[in-house]
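When reading the values below, keep in mind they use all heavy atoms of this one structure, side chains included, and skip hydrogens, waters and symmetry mates.
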Amino acid sequence: MLNNISNIDDATVIKKFFQGDKDLVANSNIRIEGSGSSLQLIAKQSEMLATLTLIEKRRVALVRATSQYWQLIHRLLIENNFVAWGNSKQKGFVEYQQWVPPPGYQIKYTEVVELWKQWWPNQRYHKKHDLDLEMLIFLKNNWYPIQNITVEEGTFYVKTLVGQLKLTSKEKILWASKITKPTAKDVNDRVNISSNDELVKERRLSEKKPFLVRNFSSSFQEEIKPEINLSAQVKSIQERAVQNFANNLEEIVQMLLERVLQAEQRAERLAARLREVGVDPDEV
């Protein structure tokens, strides 16, 4: 029997739905209904928003991609370890699967090139014989750390302790990254230099541009300099510096990684040509 709860919000109803809550609930906008081994999330006028079924001990959701609740449903799915698996056979719906990562990790399902872009920069600081646990991949029904990723002519080879995956750059892979929370000190260290530079510039600018204030108790104008609230200025400058850092960093990293990938591909082609003419590339 449906429990009508007028004061429950949409997000709470959707969370209960994707958690497989058997207590059928509703508000004035959406409701949960059960049918056999599956649940349905239904909006006004009986519009089907999503279905949830249990397949081989894993929750699978089909979500209508054109509903007004799409963005909210997608965000809540990601927060509950669902990943977008691709378009469903049911027209207009996207399939999501729930995968539970090891504690302290965040689940991801992306093209393998995205995994490589995040894995490669960390390797320059990683000792060769240490086990890197920053990223894991799902293989043979379990999670394993990545030993190495190599690229040859656009093909990615992801090596683990129990085997190797061979994928093209457009193929997807299920992986998990360790969740790390930046501290206030990390942010301050990043923006300290730039914020100090900007503070000096602003102080010099204020010194060069004094302003006039009319003193109505006298017949003359006196030139004064503005008071500087250093604490507020530092905070404002740091906020701008952090925003600029965030906006530019991703673009710079993307460009550098693409150049590295191109360089590795050129090196592999050169090595292949050397082998064709009987020259060992390691001896060149």
Could you state the interatomic distance from [atom1] ([X]) to [atom2] ([Y]), rounded to the nearest 0.5 Å?
X	Y	atom1	atom2	answer
Trp116	Ile149	CH2	CD1	9.0 Å
Gln19	Leu52	CD	CG	10.5 Å
Gln118	Glu134	CD	CD	11.0 Å
Ile137	Asn142	CD1	CG	11.5 Å
Thr51	Gln40	OG1	CD	7.0 Å
Glu79	Gln106	CD	CD	10.5 Å

Are side-chain heavy atoms of [X] and [Y] found at a separation under 4.5 Å?
X	Y	result
Ile14	Leu41	yes
Val162	Leu139	yes
Arg58	Gln97	yes
Trp175	Met135	yes
Asn148	Thr160	no
Val94	Trp70	yes
Trp120	Val151	no
Ile107	Leu174	yes

| request: Apply side chain to side chain donor-acceptor pair (under 3.5 Å) to Asp9 and Asn27, showing your working. | output: CA-CA 7 Å; Asp9 60 24; Asn27 61 17; over 6 Å; no
| field | Step-by-step side chain to side chain donor-acceptor pair (under 3.5 Å) determination, Thr150 to Glu152 | value | CA-CA 7 Å; Thr150 57; Glu152 296 181 8; 4.9 Å; no
Around atom [atom1] of [X], are there more than 12 heavy atoms from other residues, nucleotides or ligands closer than 6.0 Å?
X	atom1	value
Lys159	NZ	no
Lys178	NZ	yes
Gln71	CD	no

| said: Working note: Lys108 + Glu114, criterion side chain to side chain contact (heavy atoms under 4.5 Å, CB included); need CA distance, chi angles, decisive distance, verdict. | reply: CA-CA 10 Å; Lys108 297 186 179 182; Glu114 296 301 323; over 6 Å; no
Looking only at non-hydrogen atoms, find the nearest pair between [X] and [Y] and report the distance.
X	Y	answer
Ser46	Arg31	OG-NH2, 3.9 Å
Ser28	Lys44	O-CE, 3.0 Å
Ser67	Leu49	CB-CD2, 3.6 Å
Thr53	Ser38	CG2-CB, 3.2 Å
Tyr69	Ala43	CE1-CB, 4.4 Å
Leu136	Pro102	CD1-CG, 3.7 Å

ILVMFWY network linking [X] to [Y], side-chain heavy atoms under 4.5 angstrom:
X	Y	value
Leu62	Ile78	no
Tyr157	Ile146	no
Ile42	Leu39	no
Phe93	Phe82	no
Leu133	Trp143	yes

| Donor-acceptor pair, side chain of Glu171 and main chain of Thr168, under 3.5 angstrom |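 Checked: pair present.
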| task | Walk me through it: do Trp85 and Trp99 pass the test ring-ring contact (aromatic ring centres under 6.0 Å, His included)? | result | CA-CA 11 Å; Trp85 210 252; Trp99 294 78; 5.7 Å; yes
| field | Full working for side chain to side chain contact (heavy atoms under 4.5 Å, CB included) between Tyr105 and Ser177 | value | CA-CA 5 Å; Tyr105 287 81; Ser177 61; 5.6 Å; no
| side-chain contact (heavy atoms from CB on, under 4.5 Å) partner of Leu77, chosen from Asn80, Asn81, Ile73 |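 Option passing the side-chain contact (heavy atoms from CB on, under 4.5 Å) with Leu77: Ile73.
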| Derivation of the side chain to side chain contact (heavy atoms under 4.5 Å, CB included) call for Leu161 and Gln147 | CA-CA 7 Å; Leu161 295 170; Gln147 286 186 309; 3.0 Å; yes
| said: Applying side chain to side chain contact (heavy atoms under 4.5 Å, CB included) to Thr155 and Lys166, what does each step give before you reach the verdict? | reply: CA-CA 7 Å; Thr155 300; Lys166 177 182 177 182; 3.6 Å; yes
